[in-house]
There are 2 protein chains.
Amino acid sequence: MKKVTINSVASYAGVSKKTVSRVLNNEPNVSDATREKVLKVFKELDYTPNPIARGLAQNRSFIIGCIYDNPSKSYITRVQTGALAACKENNYNLLIHPCDLRGDALINNIEQLLQSSRLDGLVLTPPFSDFQVLVDFLKSKNIPYARVASAVLDDDSISVRSNDEQGAFEITEHLIKLGHKAIAFIKGHPDHSATEQRFKGYLRALSTHDITFNERLVEEGNFSYHSGVDSARSILDSTPRPTAVFASNDYMAAAVLKLATQRQLKVPDDISIAGFDNAPIARHIWPGLTTIAQPVEEMTKQAVTKLIEHIGEPQENAYQITLEARLITRESTAHVK
Amino acid sequence: MKKVTINSVASYAGVSKKTVSRVLNNEPNVSDATREKVLKVFKELDYTPNPIARGLAQNRSFIIGCIYDNPSKSYITRVQTGALAACKENNYNLLIHPCDLRGDALINNIEQLLQSSRLDGLVLTPPFSDFQVLVDFLKSKNIPYARVASAVLDDDSISVRSNDEQGAFEITEHLIKLGHKAIAFIKGHPDHSATEQRFKGYLRALSTHDITFNERLVEEGNFSYHSGVDSARSILDSTPRPTAVFASNDYMAAAVLKLATQRQLKVPDDISIAGFDNAPIARHIWPGLTTIAQPVEEMTKQAVTKLIEHIGEPQENAYQITLEARLITRESTAHVK
DNA sequence: TTCAAGCCTGACACCGGTGTCATAATGTTG
DNA sequence: CAACATTATGACACCGGTGTCAGGCTTGAA
């Protein structure tokens, strides 16, 4: 079977390859008759344009890169799902590139990536979404990018987020309304902007309900399950023991739950536990975790869609949007005894 | 800053672009002096070849596609990690392409993917690894591919697996040695070859230890957490209740654990539970799951490495290898009371 | 000294598309 | 109907590399 190129189509249809190219790209200035004719030949010869050749001519690759450095595998999976959906709709492909936020090599690494693959754009996921050094680098190189779940919105780029602060406020308020006053808090990874946002929401809920903030109830975590274990130990050992724990993500909350159960504590009777993210684990364990569901897939999908749009024809205007997070109550939280 | 192309290098070094190309590809028949000179200019000008142009000339994309249709996100993540490692070492990129095993559109979908991206090769992960229709299609199209965790080895292609049958045998034997005789088994997804392999290992362990196989102890699952819940219900409801459950993967095992805990059963005192895969959840829950650890990353890495090697210079010989799986005992299994 | 064989090297076409520009055909206006 | 604007089309260079092949320059053996 002979390869079908634009040349075969052109000669078969009796037009020039440029005209074929015009039809291919829906350019104006092609007569209806010609267009029809060429389209028919497309079908007959079962022609598909070669994206590599196209890429060479236009200096584009039709590939979006997704870079991440995230301890949460399930978060990454959700990000990928959303990005893939957007790519699929636009005939783009997704290249995944995990890398290390720390280390001087980062910028070199990214530069290398860009050169070796000629990516058309980059999706930045946490913690890169708010990593200014990288953002500045991309700006200077004029590489289109979009940010997912970034904290700041005062920027001239594409950014889709959900309201972490508000979510944290709501879940803390939920605990307060159940009568809890001593609510421990486990922070996330300091490099992630969500960490601060969620903490802010926690603080706002406390102050809204006139509960004095107690610094000793706050633990430093880093979003990993492992860090949750350490924080949990410290919380469960303290006296008086808090009646509730709000961990900045579900993995750390799961760690608290595991340790509590190990110590024969009844959840939620002896202690209420709340998480954040609605990761799969939140419903895979018993009791299920009360948590905040974020539309991660949707955020990423919108970000990538806008990014591709922007690559096609650069927009002047920024696109900044915040999606809703929502409280999901499960069995891990109950009225204080 | 001007773009550095092969032409700039050539004129700067005072040689033809073909010679530059020779140096680039480590071709013979370049004098040492010339080679040195060109290499020096590479550094000076900070030149990196354009993979798209290269791809066009050689009809290659330097991209490997990874296709999957797998309910287990963590499995996919591990596959990706392994594939990425191999790609990185060989300056390839990884394109991820989830798709639906069922549905007539599959072959079309893959064909579309191949045409639209000119992938150099495909990694098939379960359940595609043993999906003969697809394999035949790739063969007929002469697309290089490698299979991960395929059950069959009597093939002339690249295939890296671990021994599911043996792993299942070992974990079942572990339960038997703890005194269990009534060991329920939850099967995986019928499309996955691992499902049959694990079942076989279970059967072999029973017969090795002279335990009569009881069909009523076998439940049909599909590797998803949800299916595990259904199977768990049926197992926990049966009388006499089995003293142990071996689920074909950790998600289903976690479901059994959740349901058992919900029903006030003590694990492992009242019932032992074993899983398979050593997914993160196995150590995130309490009690931790006894399970079989498979070197998923390593399998995929080897498969992709061989695949890329094969793309570079097609090998006559097949590459078929089986890696070791290993038993990990945690708290979810104990001696029968 | 002569000639064949082997090593370097570059000219040039080519991969399969797109951009630019010239030109022919058609339409519009006064 | 002349003069001009607009639409439709193709010739050709170009994107940045690689493959083919011919020719110059060394070697070494006859």
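Just so it is clear: chains get the letters A, B, ... in the order the sequence lines come, proteins before strands, and each one is counted from 1. Bear in mind the structure is a predicted one, so any value in this text is a computation, not a measurement.
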Using the rule side-chain hydrogen bond (donor to acceptor under 3.5 Å, both in side chains), only one of E309(A), K306(A), H310(A), Q302(A) pairs with Y319(A); which is it?
Q302(A)

At 4.0 Å (heavy atoms only), tell me whether V20(B) reaches a base, stays on the sugar-phosphate, or touches nothing.
nothing

Just checking N25(A): base, sugar-phosphate only, or nothing, at a heavy-atom cut-off of under 4.0 Å?
sugar-phosphate

Can you confirm whether the side chains of S74(B) and T77(B) place a donor and an acceptor under 3.5 Å from each other?
no

Would you check if there is a donor-acceptor pair between the side chains of N163(B) and T322(B) at a distance under 3.5 Å?
no

Relative orientation of the end axes in the helix from dT1(C)-dA30(D) to dG30(C)-dC1(D), expressed as an angle to the nearest 10° (five pairs per end):
40°

Measure up the F128(B) and F131(B) rings against each other and bin them: parallel (under 30°), tilted (30 to 60°), perpendicular (over 60°).
perpendicular

Can a cation-pi geometry be assigned to R60(B) and F62(B), taking NZ or CZ under 6.0 Å from the six-membered ring centre and within 45° of the ring axis?
yes

Cation-pi check for Y75(B) against R78(B): NZ or CZ below 6.0 Å from the six-membered ring centre and within 45 degrees of the axis, yes or no?
no

Please state whether the phosphate of dC8(C), meaning OP1 or OP2, lies under 4.0 angstrom from any side-chain nitrogen or oxygen of T34(B).
no

Mark yes when over 12 heavy atoms from residues, nucleotides or ligands other than D32(A) sit less than 6.0 Å from its CG; otherwise mark no.
no

Can you measure from CG (L95(A)) to OH (Y92(A)) and round to the nearest 0.5 angstrom?
13.5 Å

For the pair S140(A) (side chain) and F137(A) (backbone), establish whether a donor and an acceptor sit closer than 3.5 Å, ignoring hydrogens and angles.
yes

Per nearest nucleotide of DNA chain D, the residue lying toward the 5' end, G14(A) or Y47(B), is G14(A)

Separation of K18(A) atom NZ from dT20(C) atom P, in whole Å?
9 Å

In the structure I gave you, are the side-chain heavy atoms of V160(A) and T300(A) within less than 4.5 Å of one another anywhere?
no

Numerically ordered, the residues 48-62 of chain A set in heavy-atom contact under 4.0 Å with DNA chain D is L56(A), A57(A)

salt_bridge(K301(A), E298(A)) N-O dist < 4.0 Å
no

Identify the 5'-most and 3'-most nucleotides of DNA chain D with at least one atom closer than 4.0 Å to a non-hydrogen atom of chain A.
dT7(D) to dG16(D)

